[in-house]
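Notes for the one structure printed next.
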Amino acid sequence: MPNKQNILIIGAGLCGSLLALRLGQRGYNINVYEMRPDLRKTDISAGRSINLAFSDRGNKAMKLVGIEKQVEALCIPMNGRMIHDKEGNTFLSNYSGRDHEYINSISRGGLNALLLDEAEKHDNVTFHFNKKCKSVDFENTTALFEDYTSKHKFIEDADCIIATDGAGSALRKSYYLERKFLFSFSQNYLTHGYKELSILPTKTGDYKTYKNALHIWPRGDFMVIALPNLDGSFTVTLFLSYAEGKYNFNNLTTPEIVTEFFQKEFPDALALMPNLVEDFFENPTAPLGTVKCSPWHYKGNTLLMGDSAHAIVPFYGQGMNASFEDVVEFDTVLDKFEGNWETVFTEYEKTRKKDTDAIADLAIDNFHEMKDHVGQAIFQEKRKIEQALEKEFPNEYSSKYSLVTFNEHIGYREAMLRGRAQDKAILNLLDDGIIKTSDNLKDILEKVKIQTDAILQDDKIAGLK
């Protein structure tokens, strides 16, 4: 039987543990090797985000494996962006005009632990921790590992190997270094990095600021964001250039300069963060990069999935959701071609890569939108119009954000093309004085539709389809 085959998964993060659970449910024999310790037994962050934005595309995967209710218990709904200006004024911009559409803040560790627990309920799924993959022989379908504790090296083989080992993937490195087939690879970094900080709960365990929003302090070239945690705290992230501007990571070297920077740019956030200096100098500064590559597979032997195939910057809140959607798409292809790994891998990449390329580009777009545009008057007018259209015509209009985040039945690429055209249409109409927020909504909708279709037609002629 094909489902009695042995599959080796490299990496037991969010994507790897979900994939192990799903393939375990399908009856395959699964061995997962993870370089880090078991996060259920030790407190590890490794500089990674403590919480993440979880939305409809990710939830589609939770429904597939039957754990939607358990995951819901880990979620804090965030209905919109709470924008903070320098004077401490706040403005809530909802993510959608439809009340049932919102994103969630979820604990990375809590979700990963749940997926590991669920996968381990299957006798045919085994996890091996503290085992670092050194290289993959993709022609012979074997992988070389090293045990962190004993330093013992050993080789594992399988019927196929799937790498879900993130942006620094050992399999992808082997594809690149071995030069046995034509492999394209790009890794692009933003000039900005990020540092995690925190807003601790009050002495009574309550939230110090509004709980159900993603908080943003947009400052043009840099920003701070904050997402709520179940314990009353917020995970705060500073996105800042390494070298450019008056304040940057290279020159924020003393407690005095860090405090001065926050007093000047984020005074209301600073008031909530007596622990700022301690966090700032304890936590690492990490880079922000995008990885694109092709092909993702070699014959029917090996496959890249999740961040190992398409790492993206975090500004659309879709990194985890995209990796979870990978598993759903892979499962759909398995239904059609199970038994022939080469066909499965080829068809999966053919259907999936255009969408992961699109969300990578959208995430960079949203970086500029969040740090700069959300504070601009014309952008806020556009959002008011979009929310009004979504509320009044829920079946006829969805903003780019809604298309990407809440319309899980359309691909990222389709969402990107239509969403960008709509953005351009509304901004042009506002800038030219053809529409304004006080106009009749039906009239606005018609004008936006006509202009959007014209832009899409132009894009099609230009080859953007």
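These figures come from a predicted structure and were not determined experimentally.
At a threshold of 4.0 Å, the pair D56-K63 does not count as salt-bridged, since none of the basic side-chain nitrogens sits closer than that to a carboxylate oxygen. Ion pairing between a basic and an acidic side chain is recognised when a charged N comes within 4.0 Å of a carboxylate O; R352 and E325 show such pairing. Taking 4.0 Å as the cut-off between side-chain N and carboxylate O, K384 and E381 do not count as a salt-bridged pair. Using a 4.0 Å cut-off between a side-chain N of Lys or Arg and a carboxylate O of Asp or Glu, E120 and R40 qualify as a salt bridge. Ion pairing of K180 with E139 is present here, as a side-chain N (NZ or NE/NH1/NH2) and a carboxylate O approach within less than 4.0 Å. Note on K60 versus D331: no salt bridge recorded, every NZ/NE/NH1/NH2 to OD/OE distance being 4.0 Å or above. Residues R98 and E390 are paired through a salt bridge, judged by an N-O separation under 4.0 Å between the basic side chain and the carboxylate. Using a 4.0 Å cut-off between a side-chain N of Lys or Arg and a carboxylate O of Asp or Glu, D357 and K353 qualify as a salt bridge.
Summarising the local packing, NZ of K354 is surrounded by more than 12 heavy atoms from other residues, nucleotides or ligands at distances under 6.0 Å. For K69, the NZ atom counts as loosely surrounded, since its 6.0 Å shell holds 12 or fewer non-hydrogen atoms of other residues, nucleotides or ligands.
Q451 places none of its side-chain heavy atoms less than 4.5 Å from the side chain of I426. Taking 4.5 Å as the limit, some side-chain heavy atom of F330 sits within range of a side-chain heavy atom of V344.
In this structure, F324 and F54 have perpendicular ring planes: the angle between them is above 60°, well past the 30° mark. The aromatic rings of Y194 and F239 sit tilted, their planes meeting at an angle between 30° and 60°.
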(request) Kindly indicate, with the supporting measurements, whether the criterion side-chain contact (heavy atoms from CB on, under 4.5 Å) is fulfilled by S402 and E386. (result) CA-CA 10 Å; S402 289; E386 290 188 310; over 6 Å; no
(request) Start with the C-alpha gap between S107 and N229, add the side-chain angles, then the distance that decides, and say whether side chain to side chain donor-acceptor pair (under 3.5 Å) holds. (result) CA-CA 7 Å; S107 157; N229 294 304; over 6 Å; no
(request) Give the intermediate values and the outcome of side-chain contact (heavy atoms from CB on, under 4.5 Å) for residues Q318 and L362. (result) CA-CA 10 Å; Q318 287 294 309; L362 280 164; over 6 Å; no
(request) Begin from the C-alpha positions of N112 and S17 and carry the test side chain to side chain donor-acceptor pair (under 3.5 Å) through to its verdict. (result) CA-CA 7 Å; N112 207 156; S17 50; 3.3 Å; yes
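Centroid-to-centroid, the aromatic rings of Y175 and Y298 stay 6.0 Å apart or farther. For F138 and F181, the ring centers sit closer than 6.0 Å to each other.
Looking at R418 and S398, their side chains never bring a donor and an acceptor atom within 3.5 Å of each other.
Scanning for ring pair (Phe, Tyr, Trp, His ring centres under 6.0 Å) contacts around Y412 gives an empty result, with sequence neighbours left out.
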